[in-house]
Amino acid sequence: MAEEVSFTIDSPRGSRTVTIAYRRAGAGEPLLLLHGIGHHRQAWDPVFDILAAERDVIAVDLPGFGESPALPDGVAYDLATVVPTLGALCAELGVDRPHVAGNSLGGLLALELGREKLVRSVTALSPAGFWTQSERRYAFATLTAMRRTAKLLPLPVIERMSRTAAGRTALTSTIYARPGRRSPEAVVAETLALREATGFADTLAAGVAVRFTDDVPGVPVTVAWGTKDRLLLRRQGVRAKQTIPGARLVRLPGCGHVPMNDDPARVARVILDTSRVDAV
């Protein structure tokens with residue numbers, strides 16, 4: 001079950017209240033988990049319990065996704081707003097400089113948190129922001145098409161498709177290399193999460209001009225990329241390594257864009273290994 005926390009942030013229109021839904025379990029050093037655009041915190045379910053055996057794990061629904069309400073009117077979904085919002089969330093939860101792991105949009109946010117020295121370590125799984133303009137346009141067009149499909153399909157059709165491996169493949173093969181491994185219930189839930197994400201359009205619009213071009217010194221960073229990522233092609237990982245020379249670049253064999261479900265043990269090991277590295 002999700003917990004919720006509300007807190008205030010500064011905005012151009014003054015203080016505004018933001019509410020975030022999250023799941024928290026485990027013990028040890030804190031670890032924040034950030035999902036990608038159109039997804040929800042349950043993207044981390046395949047690795048959550050593994051990580052919680054060693055860490056105080058907090059998986060959040062980003063603002064406007066999952067069970068987290070949209071940001072207040074007039075508050076942008078850009079990095080300059082969402083990154084401080086995540087910092088305020090950690091403060092509200094009594095967490096000081098957690099480790100962070102993020103996927104796609106969440107990976108970009110994790111790197112920004114690292115650049116701002118708000119976290120102890122960063123694991124970025126297929127992070128956004130290392131694309132060329134043509135690669136970004138391809139990714140955004142693909143995401144938009146996925147969203148359109150999720151909106152057009154009636155719920156009974158989604159439920160029926162989720163009950164077969166072929167149907168799960170049709171619904172989720174863009175993000176998973178092994179969609180047949182995803183449970184029918186998870187496929188229905190994430191398809192609905194994509195359809196109902198109030199922050200989707202504004203987040204996508206805010207990402208048009210985004211590129212990550214700064215180093216992240218003084219913080220252990222791992223960038224990991226699935227060899228079968230069909231959304232953000234793995235050559236972007238090479239650019240990430242060039243941008244962040246001190247980062248560890250890891251291949252995730254046989255994994256797609258959202259690798260946590262494709263190879264939970266490997267992904268959990270990469271995250272935990274990064275969180276054990278001393279800051280440089």
Side-chain angles (χ1 to χ4, degrees), residues 33-39 42-48 50-51 99-111 114 121-143 145-146 165-166 168-183 186-187 190 194 207 210-212 216 220-277:
L33 301 179
L34 307 175
H35 62 77
I37 186 171
H39 225 306
Q42 288 87 342
W44 297 98
D45 281 357
V47 299
F48 189 96
I50 304 172
L51 298 171
H99 302 283
V100 62
N103 174 225
S104 196
L105 167 64
L108 171 63
L109 292 169
L111 289 167
S121 73
V122 175
T123 305
L125 309 173
S126 296
F130 297 99
W131 42 46
T132 64
Q133 281 301 316
S134 62
E135 289 166 349
R136 182 198 59 75
R137 285 193 295 269
Y138 161 75
F140 281 25
T142 302
L143 289 165
M146 290 173 62
R168 293 193 293 277
T169 297
L171 289 169
T172 65
S173 62
T174 301
I175 59 172
Y176 299 123
R178 297 163 180 148
R181 290 186 176 184
R182 202 74 171 134
S183 73
V187 168
E190 63 196 349
L194 175 60
V210 168
R211 289 194 67 195
F212 194 90
V216 186
V221 175
T222 296
V223 175
W225 228 284
T227 61
K228 295 188 176 181
D229 193 330
R230 297 175 56 192
L231 189 65
L232 298 180
L233 305 181
R234 61 177 177 169
R235 60 175 173 259
Q236 295 172 38
V238 177
R239 295 189 202 119
K241 173 66 174 174
Q242 292 168 345
T243 303
I244 311 168
R248 180 176 63 136
L249 180 59
V250 176
R251 293 171 67 252
L252 300 174
C255 288
H257 183 63
V258 182
M260 298 83 80
N261 187 75
D262 288 329
D263 195 339
R266 185 182 293 270
V267 170
R269 185 167 65 248
V270 168
I271 294 170
L272 291 172
D273 285 351
T274 305
S275 70
R276 296 185 187 111
V277 176

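Checking L231, T174, D262 one by one against H257, the side chain to side chain contact (heavy atoms under 4.5 Å, CB included) holds for a single residue, L231. The side-chain hydrogen bond (donor to acceptor under 3.5 Å, both in side chains) test with Y176 singles out one residue from E190, K228, R230, and that residue is E190.
Not a single donor-acceptor pair under 3.5 Å links the side chain of R178 to the backbone N or O of C255. Remark: side-chain polar atoms of W131 are paired, donor with acceptor, to backbone N or O of V210 under 3.5 angstrom. In this structure, the side chain of D229 engages the main chain of L232 through a donor-acceptor pair within 3.5 Å.
Contact check for H39 versus L194: no side-chain heavy atoms found under the 4.5 Å cut-off. Using a 4.5 Å heavy-atom cutoff, the side chains of L252 and D263 are not in contact. Within the 4.5 Å cutoff, no side-chain heavy atoms of H99 are placed close to those of R276. Side chains of L105 and L109 form a contact here, defined as non-hydrogen atoms less than 4.5 Å apart. Side-chain contact between R234 and S126 is absent, with no heavy-atom pair separated by less than 4.5 Å. Under the 4.5 Å side-chain criterion, counting only non-hydrogen atoms from C-beta, P46 is in contact with R182.
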Practice prompt. Step by step, work out the side chain to side chain contact (heavy atoms under 4.5 Å, CB included) result for V100 and S121.
Written response: CA-CA 6 Å; V100 62; S121 73; over 6 Å; no
Discussion item. Would I50 and V267 count as a side chain to side chain contact (heavy atoms under 4.5 Å, CB included) here? Give the steps.
Written reply: CA-CA 10 Å; I50 304 172; V267 170; over 6 Å; no
Practice prompt. Run the numbers on N103 and M260 for side chain to side chain contact (heavy atoms under 4.5 Å, CB included), then give the verdict.
Written response: CA-CA 9 Å; N103 174 225; M260 298 83 80; 4.1 Å; yes
Discussion item. Between T222 and R248, does the side-chain hydrogen bond (donor to acceptor under 3.5 Å, both in side chains) criterion hold? Intermediate values first, please.
Written reply: CA-CA 5 Å; T222 296; R248 180 176 63 136; 3.1 Å; yes
Practice prompt. Output, in order, the C-alpha distance, side-chain angles, deciding distance and verdict of side chain to side chain contact (heavy atoms under 4.5 Å, CB included) for D45 and Q42.
Written response: CA-CA 5 Å; D45 281 357; Q42 288 87 342; 3.6 Å; yes
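Residues F48 and L33 come closest through the heavy atom pair CD1-CD1, 4.3 Å. The two residues A101 and I271 make their nearest non-hydrogen contact at CB-CD1, 3.9 Å. G107 and P127 get closest at one heavy-atom pair: C-CB, 3.7 Å. Between G256 and A177, the shortest heavy-atom distance links the atoms N-CB, 3.5 Å. Here the shortest heavy-atom pairing between T123 and V270 reads CG2-CG1, 4.0 Å. Scanning both residues, T169 and P179, for their nearest heavy atoms gives OG1-CG, 3.5 Å.
Here the CG-CG distance, from L125 to L34, works out to 10.5 Å after rounding to the nearest 0.5 Å. One distance of note links CZ of R211 with OG1 of T132; it measures 7.5 Å at 0.5 Å rounding. Rounding to the nearest 0.5 angstrom, the gap separating the CD1 atom in I175 from the CG atom in N261 is 9.0 Å. Residue S275 holds its OG atom at 8.5 Å from CG of L51, rounded to the nearest 0.5 Å. Between atom OG1 of residue T172 and atom CE of residue M146 there is a gap of 8.0 Å, rounded to the nearest 0.5 Å.
A cation-pi arrangement is present between R136 and F140 under the rule of less than 6.0 angstrom and at most 45 degrees off the ring axis.
Ring planes of F212 and F130: tilted class, angle from 30 to 60°.
More than 12 heavy atoms of other residues, nucleotides or ligands sit less than 6.0 Å from atom NZ of K241.
Checked against side chain to side chain donor-acceptor pair (under 3.5 Å), H35 has no partners two or more places apart in sequence or in another chain.
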